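Here's the structure, in structure tokens; my notes come after.
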Amino acid sequence: VREFELTFRPGGGISCPVRIGSGALARLVDDLRREYVARPLVLISDDNVTPLHAEGLAGNLRASGMTVHLLEFPSGEAHKTRETKAGLEDRLLALAVGRDAVVLAVGGGVTGDLAGFVAATWHRGLPLIQVPTSLVAMVDASIGGKTGVDLPSAKNQIGAFHQPRGIYADVTVLQTLPEPYYRHGFAEVVKTAAVADRDFFAWLESRAGELLDREAAELEETVGRCAALKGAVVEADEREAGRRAVLNFGHTAGHALEAASGFTMTHGQAVSVGMVEEGRLAAEDTGFPQEDLERLRRLLVSFGLPVAAPPGIDPGAVRKALLADKKNRGGKVRYAPPVRIGEMIGGEDVTVDLDPARVFIDISQGPV
Ligand SMILES: NC(=O)c1ccc[n+]([C@@H]2O[C@H](COP(=O)([O-])OP(=O)(O)OC[C@H]3O[C@@H](n4cnc5c(N)ncnc54)[C@H](O)[C@@H]3O)[C@@H](O)[C@H]2O)c1
């Protein structure tokens, strides 16, 4: 098990132990018994992950003498809503869960965001432990403190920053993750390497086969590197006032494409195409080398990810989605271009203005 600590709000002191690898769940039981022995634990998980992993964890925690409530909700992004949150809160009320409780989010990114938001607001904030079980949750969603739910018209519209008090990623649970979710998770892995670590990018190029076979050693390395890289970015800029925006590489074009596809593309697929598109734009804006763009494209393809927009996307819908992006400032569309693989623009302002007419020119024959 790899271990390191993340610290948020230096001085204000939130310390978050991160444990990654086969055996991290056993460490979780030990750590909880030591830190929170007399406190009730509320495990929140979806109906896929509950029988596969959450029930076993709850059993181990009970066997070590702890009080455990296991709350289940229906899986899927469609249930990351205010209604699901309200339902969970009704259960907390019925169970008389007080301010001494600790919330564990056991699942993918949907569970982490939803259970994290419940933890952020129940009694104005309970300690939260992230137990990510999908690749996206391990390398991205469980780190950084963003929690929330969707509105029908907009993803992640309501939420709060609520930093976890621990992140426990046991890569053995990835064996049960369905193949499409597993593959699409590599979009965020490639992104993390592309914005922060050229050596890690080269390592991924050499280990794509082992990773697709879900080899534990390679997975531990991948999750460990991504968590540490994202953790360092977030420690330095928790509220995305500056450099945290490097993590948005691929996401300006990607989000617009995801929306324009009517969400038939997954987030990972859309971000994959978005990175290639933003890499092409970056070649013009920062001199991002053609050779690096080619390596980016090849690595994404080797993980089975798309690198071009599918046919039939409406250019007007892409444009509309770009203009509606939450990340826009002063009505201007912005994106975070790389300078080369592993390196972004220096300083605090890592984004540049982007004229929507330049995006996806090959599918954008419609009026601007
Ligand atoms: N907070 C953040 O910073 C952040 C960052 C990235 C993504 N996200 C959010 O994360 C969500 C996407 O994450 P996701 O892809 O993990 O979605 P998800 O939670 O829906 O998980 C994907 C599917 O895999 C299942 N699953 C998860 N772990 C499993 C396992 N070990 N075995 C079998 N099945 C398993 C889930 O039940 C679900 O059906 C989005 O809502 C996104 O907004 C948040």
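Since the structure is predicted, the reported quantities are computational estimates derived from the model, not experimental observations. When a ligand or atom number is given, it counts from 1 through the structure's own listing order. Values below: all heavy atoms of this structure, side chains included; hydrogens, waters and symmetry mates excluded.
Among protein heavy atoms, atom 16 (O) of ligand 1 sits closest to S134 OG, 2.5 Å. When hydrogens are left out, the protein atom nearest atom 8 (N) of ligand 1 is A141 CB, 3.7 Å; that is the closest non-hydrogen contact. Atom 40 (C) of ligand 1 has its closest protein heavy atom at E77 OE1, 3.1 Å. The protein non-hydrogen atom at the shortest distance from atom 39 (O) of ligand 1 is N48 ND2, 3.1 Å. The shortest contact between atom 9 (C) of ligand 1 and any protein heavy atom is with D113 OD2, 3.4 Å. Among protein heavy atoms, the minimum distance from atom 32 (N) of ligand 1 is reached at T176 OG1, 2.7 Å. Looking at atom 14 (P) of ligand 1, its nearest protein heavy atom turns out to be G109 N, 3.5 Å. Here the heavy atom of the protein found nearest to atom 24 (O) of ligand 1 is L177 CD1, 3.6 Å.
The OH atom of Y168 sits 8.5 Å away from atom CD of E3, with the distance rounded to the nearest 0.5 Å.
Heavy-atom contacts of L52 reach the following atoms of ligand 1: 32 (N), 33 (C) (cutoff under 4.0 Å). Near K155, the atoms of ligand 1 lying under 4.0 angstrom from a non-hydrogen atom of the residue are 42 (C), 43 (O). Close contacts of ligand 1 with T133, meaning ligand atoms under 4.0 Å from a residue heavy atom, involve 27 (C), 28 (N), 29 (C), 30 (C), 31 (N). Of all atoms in ligand 1, numbered sequentially from 1 with element shown, those under 4.0 Å from a heavy atom of G108 are 16 (O), 19 (O). Shown in contact with K146 at under 4.0 Å from a heavy atom are these atoms of ligand 1, numbered in order with element: 1 (N), 3 (O).
Using a cutoff of 4.0 Å between basic side-chain nitrogens and carboxylate oxygens, K146 and D113 are not scored as salt-bridged.
What you find for R214 and Q175 is that their closest heavy atoms are O-NE2, 3.1 Å. Heavy atoms only, all atoms of each residue included: L296 and M275 are closest at CD2-O, 3.8 Å. The minimum heavy-atom distance linking I143 with M138 is given by the pair CD1-O, 3.5 Å. Closest approach of V195 to V246, counting heavy atoms only: CG1-O, 3.4 Å.
For a threshold of 3.5 Å applied to N or O pairs, the pair formed by P178 and ligand 1 contains no separation below that value. Note: an N/O pair closer than 3.5 Å links V110 and ligand 1 by distance alone. Annotation: S75 places no N or O atom under 3.5 Å from an N or O atom of ligand 1; distance criterion only. Polar contact with ligand 1: present for V173 (N/O pair, distance under 3.5 Å).
Under 4.0 angstrom from ligand 1, there are no non-hydrogen atoms of T147. Looking at L135 against ligand 1, nothing comes within 4.0 Å, counting heavy atoms. The part of K80 lying near ligand 1 is the side chain, judged by heavy-atom distances below 4.0 Å. With a heavy-atom cut-off of 4.0 Å, K230 touches ligand 1 through its side chain alone. Contact annotation for H53 and ligand 1: only side-chain heavy atoms (C-beta onward) come within less than 4.0 Å of the ligand. By the criterion of a heavy-atom distance under 4.0 Å, neither the backbone nor the side chain of E188 is placed next to ligand 1. Of all the heavy atoms of N156, the ones lying under 4.0 Å from any atom of ligand 1 belong exclusively to the side chain.
Applying the salt bridge (charged side-chain N to carboxylate O under 4.0 Å, His left out) test between D150 and each of R82, K80, K155, K85 identifies K80 as the sole match. Checking each of R340, R198, R297 against D292 for a salt bridge (charged side-chain N to carboxylate O under 4.0 Å, His left out) leaves exactly one that passes, namely R198. Among L354, L257, L281, the single residue meeting the side chain to side chain contact (heavy atoms under 4.5 Å, CB included) criterion with T252 is L354.
Counting heavy atoms from C-beta outward, L299 and L204 have side chains that approach closer than 4.5 Å. Using a 4.5 Å heavy-atom cutoff, the side chains of E235 and T7 are in contact. Considering only heavy atoms from C-beta on, R244 stays 4.5 Å or farther from R239 through its side chain. Side-chain contact check for F161 versus T147: every heavy-atom pair is 4.5 Å or farther apart.
Around atom 36 (C) of ligand 1, the closest heavy atom drawn from D150, L174, D46 belongs to D46.
Cluster annotation: I129 is connected to V234 through the hydrophobic network of ILVMFWY side chains, with a link wherever side-chain heavy atoms come within less than 4.5 Å.
Ring planes of H267 and H255: tilted class, angle from 30 to 60°.
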